[in-house]
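Structure first, then comments.
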Amino acid sequence: MLFHVRMDVNLPQTMPENQATALKKTEKDIAQGLQESGKWRHLWRIAGQYANISVFDVSSVDELHTLISTLPLFPYMQIQIMPLCRHPSSIRSNDA
Ligand SMILES: O=C(O)CC1=CCC(=O)O1
């Protein structure tokens, strides 16, 4: 199952720099592991914003929720999720 996910990050101004740096490092490590596993198919920065557009390929909504809600930045992100299905005019398979 494919999901289009938008994540807007809002770290509190009061968060100490070293805490923010540590959170971002852990987030990066987890995100790169999930990309290597194929579950986090795309990760794109939205130009000019502290936000990303991602595509996840997971087996259930519950799996998606678990992946996203255990990210270190989850408490500081607004998240919008759109489930995706095949478009009848698409010339690509879900594997592309
Ligand atoms: O910087 C972001 O958009 C938040 C984020 C998600 C995965 C990651 O490494 O950073």
Side-chain angles (χ1 to χ4, degrees):
M1 301 171 74
L2 294 174
F3 294 89
H4 174 285
V5 179
R6 175 178 176 145
M7 304 179 201
D8 288 82
V9 187
N10 287 296
L11 291 178
Q13 300 276 355
T14 53
M15 180 179 284
E17 188 66 32
N18 61 339
Q19 186 185 350
T21 301
L23 277 174
K24 290 177 195 173
K25 162 126 184 35
T26 312
E27 179 93 4
K28 182 175 183 175
D29 291 345
I30 293 171
Q32 291 188 334
L34 289 169
Q35 287 171 77
E36 281 162 11
S37 80
K39 290 184 186 294
W40 197 324
R41 189 87 77 82
H42 290 274
L43 174 57
W44 295 94
R45 176 64 74 218
I46 301 176
Q49 299 181 39
Y50 192 7
N52 73 71
I53 293 291
S54 293
V55 174
F56 284 84
D57 187 355
V58 291
S59 53
S60 67
V61 178
D62 286 322
E63 183 181 11
L64 179 69
H65 180 73
T66 299
L67 289 187
I68 290 175
S69 64
T70 54
L71 292 172
L73 290 177
F74 178 75
Y76 310 104
M77 294 197 287
Q78 278 194 307
I79 296 171
Q80 296 174 318
I81 295 174
M82 283 182 278
L84 303 175
C85 56
R86 276 192 64 74
H87 192 289
S89 304
S90 175
I91 62 168
R92 301 188 195 289
S93 73
N94 277 358
D95 300 331

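Atoms within each ligand, like the ligands themselves, are counted from 1 in listed order.
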Next item on the list: List every atom of ligand 1 that sits less than 4.0 Å from any heavy atom of K28, numbering the atoms from 1 in the order shown and giving each element.
Entry: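 By the 4.0 Å cutoff, the relevant atoms are 9 (O).
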Notebook entry, point to check: Any idea which atoms of ligand 1 are less than 4.0 Å away from a heavy-atom of A31?
Noted result: 7 (C), 9 (O)
Next item on the list: Compare all side-chain heavy atoms of I81 with those of H65 and state whether any distance is below 4.5 angstrom.
Entry: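 Answer no - side chains too far apart.
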Note to self: If you define the side chain from C-beta out and look only at heavy atoms, does anything of L23 sit under 4.5 Å from M15?
What the structure shows: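 Side-chain contact under 4.5 Å: yes.
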Next item on the list: May I ask you to identify, for V9, whether its side chain, its backbone, both or neither come under 4.0 Å of ligand 1 on a heavy-atom basis?
Entry: side chain
Notebook entry, point to check: Can you tell which of N52, I46, I79 makes a side chain to side chain contact (heavy atoms under 4.5 Å, CB included) with R6?
Noted result: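 Filter result, single survivor: I46.
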Notebook entry, point to check: Shortest non-hydrogen contact from E27 to P72?
Noted result: OE1-CD, 3.1 Å
Margin query: Can you check which of K24, R45, E27, M7 brings a heavy atom nearest to atom 1 (O) of ligand 1?
Written below: R45
Check: What do you reckon, does N52 have a nitrogen or oxygen under 3.5 Å from a nitrogen or oxygen of ligand 1?
Finding: yes
Note to self: In terms of relative ring orientation, are F56 and W40 parallel, tilted or perpendicular, with 30° and 60° separating the classes?
What the structure shows: tilted
Checklist line | Protein heavy atom at shortest distance from atom 7 (C) of ligand 1 | finding: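 It is W40 CH2, 3.5 Å.
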